[in-house]
Amino acid sequence: MRISVVTIFPEMFEALTCCGVFKRAKEEGLIQFDAYNLRNFTTDRHRTTDAYPFGGGPGMVMRPEPFFRFVDWYTERFGKPYVILTTPQGEVFHNELAMELSKKENLVILCGRYEGVDERVTTIVDKEISIGDYVLSGGELAAMVIAEAVSRFVPGVMGDEESLKDSFYNGLLDHPSYTRPAVYKGMAVPEVLRSGDHERIEMYRKMESMKRTILRRPDLFMKKELTEEDKRVIVELVRSLVGGESRD
Ligand code: 6GU
């Protein structure tokens, strides 16, 4: 897939492409990624991307023309993209949305700045996205978050497709993980993980996953549709908590 961002700070995206999974995906041609400079799509002599808000008020507002010109230029070159605008006023980003976006052939992310983007830009936008209820000075970090989360769902990007089955794929948080040494500063790795009993390990992990989700993210738990297996896990979890007792 092609992911393109347009921003007044294209250099910021080196943080995304310099290292790690995203860099490799780009090198292997699984993802075409480009950060375009919005300034190159300005129309005036001074190449301005913002201006004072009509009606007054603090801060500057991003002018519409460069965004329109960028999307026109892009469409002519690559075909019609799915267009996202980063804004604290958007739908809060989540993993399922990342999965949906990963099916788009051409994804364009318009980076807004906190003070705002001329409202008319929304007429060329398919979805406005926020990454959470806090304020960032610009949409660049949000665009990187979106690009990386989306890229993980592009076939081939995660070497091991099993790695996709982590937090959220089944609506639950991850179970805890341990590695060597088996005992560190007096803290031992749970015995079950070293038992070699794969059935017990699986049940232990599912129970921990369920327990964490209930305790830390009751909102996620309440949304979850319980499978028969989930119910068995909850039964085992309650049993493990009350000890040997079977009724009462
Ligand atoms: Cl998408 N943009 C800005 N400027 N701030 C944010 C955000 C986006 N999401 C959360 N805060």
Side-chain angles (χ1 to χ4, degrees), residues 1-18 20-22 25 31 33-42 47-71 74 81-104 106-154 167-168 173 216-217 219-220 223:
M1 83 178 293
R2 180 189 315 283
I3 303 177
S4 310
V5 299
V6 63
T7 164
I8 53 172
F9 300 126
E11 312 82 9
M12 278 182 76
F13 289 85
E14 283 163 27
L16 183 64
T17 53
C18 74
V21 169
F22 200 89
I31 289 176
F33 178 85
D34 289 288
Y36 294 97
N37 195 333
L38 185 67
R39 211 168 284 285
N40 294 340
F41 296 87
T42 51
R47 312 217 309 158
T48 54
T49 55
D50 59 4
Y52 291 101
F54 276 118
M60 302 289 273
V61 174
M62 295 186 88
R63 297 172 56 138
E65 306 98 312
F67 288 112
F68 276 79
R69 292 187 72 205
F70 172 78
V71 171
Y74 181 100
Y82 188 86
V83 182
I84 289 166
L85 173 66
T86 59
T87 162
Q89 277 75 50
E91 173 180 340
V92 178
F93 193 56
H94 52 87
N95 219 35
E96 235 162 89
L97 183 47
M99 194 193 300
E100 268 171 45
L101 295 176
S102 73
K103 295 170 189 155
K104 308 291 181 192
N106 292 314
L107 194 62
V108 158
I109 308 177
L110 311 177
C111 297
R113 49 188 282 178
Y114 171 63
E115 291 85 348
V117 174
D118 187 288
E119 189 62 23
R120 291 166 290 191
V121 170
T122 62
T123 62
I124 53 168
V125 165
D126 295 296
K127 200 183 277 290
E128 296 176 45
I129 296 179
S130 160
I131 61 163
D133 294 336
Y134 40 82
V135 174
L136 304 170
S137 308
E140 285 75 15
L141 286 172
M144 281 188 250
V145 166
I146 295 165
E148 169 145 340
V150 167
S151 75
R152 292 168 56 84
F153 287 107
V154 172
S167 266
F168 302 117
L173 299 182
R216 300 183 186 190
R217 293 294 305 275
D219 59 313
L220 282 184
K223 267 197 300 208

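All ligand and atom numbering here is 1-based and tracks the order in the structure.
Side-chain N or O atoms of Ser102 include none that pairs as donor or acceptor with a backbone N or O of Val154 at under 3.5 Å. Using a distance-only test at 3.5 Å, with no hydrogens or angles considered, a donor-acceptor pair links the side chain of Arg69 to the main chain of Thr42.
Looking at Tyr134 next to ligand 1, an N or O pair under 3.5 Å apart turns up.
Per-residue contacts place Thr86 under 4.0 angstrom from the following atoms of ligand 1 (heavy atoms of the residue considered): 1 (Cl). Residue contact check: Gly138 has heavy atoms under 4.0 Å from atoms 4 (N) of ligand 1. Under a 4.0 Å criterion applied to the non-hydrogen atoms of Ile131, ligand 1 contributes the atoms 9 (N), 10 (C).
Summarising the geometry, atom CD1 belonging to Ile129 is positioned 10.0 Å from atom CG belonging to Asp126; distances are rounded to the nearest 0.5 Å.
Aromatic pair Phe33/Phe22: ring centres closer than 6.0 Å.
Counting non-hydrogen atoms of other residues, nucleotides and ligands closer than 6.0 Å to CG of Asp219 gives a total above 12.
Considering Ile129, Leu136, Val145, Leu141 only, the shortest heavy-atom separation from atom 4 (N) of ligand 1 involves Leu136. Looking at Gly132, Ala142, Pro88, Gly116 and measuring to atom 10 (C) of ligand 1, the nearest heavy atom belongs to Gly132.
Proximity of Ser130 to ligand 1, defined as any heavy-atom pair under 4.0 Å, is shared by backbone and side chain alike.
Minimum interatomic distance between Gly112 and Thr86 (heavy atoms only, all atoms of both residues): N-OG1, 3.2 Å.
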